[in-house]
Amino acid sequence: MIHHAVSSSAIKSVGYDEASMRMEIVFKSSSKPYSFCGVPKHVFERLLHAGSKGRYYQNNIKDHYQC
């Protein structure tokens, strides 16, 4: 899975595997990736383009796509 560095105060990088619909997020407060399962591609793409990636994560990903 290729990770994309993002401009965010909370998130370091984001990766997505389209075949398995699995997304990984590496937060700046931790070096290990957190996995999220069943994530539609548009959610990943919207996270990449969100003005506030931390806010988008809180509102649209956290507690929605647990593995």
Kindly indicate whether the side chain of [X], heavy atoms from C-beta on, has any atom under 4.5 Å from the side chain of [Y].
X: Y16; Y: I2; value: no
X: E24; Y: Y34; value: no
X: C37; Y: M21; value: no
X: V26; Y: I11; value: no
X: V43; Y: I61; value: yes
X: F27; Y: K12; value: no

Of all the heavy-atom pairs spanning [X] and [Y], show the shortest one and how long it is.
X: S7; Y: K53; value: O-CD, 3.7 Å
X: M23; Y: I25; value: CE-CD1, 4.1 Å
X: G54; Y: S8; value: N-OG, 4.3 Å

Exercise. Rounded to the nearest 0.5 Å, what's the gap from CG on L48 to NE2 on H4? Could you check?
Key: 6.0 Å
Practice problem: Quick one: pull up OG in S13 and CE in M1 and give me the separation to the nearest 0.5 Å. | Solution: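 Between atom OG of S13 and atom CE of M1 there are 10.5 Å.
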Exercise. Please check if atom NE2 in H42 has more than 12 non-hydrogen atoms from other residues, nucleotides or ligands closer than 6.0 Å.
Key: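 Check passes, neighbour count above 12.
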Self-check item: Y65 and F36 aromatic centres sub-6.0 Å
Solution: no
Practice problem: Check the pair F44, H49 against side chain to side chain contact (heavy atoms under 4.5 Å, CB included), reporting the backbone distance first and the verdict last. | Solution: CA-CA 9 Å; F44 165 71; H49 296 101; over 6 Å; no
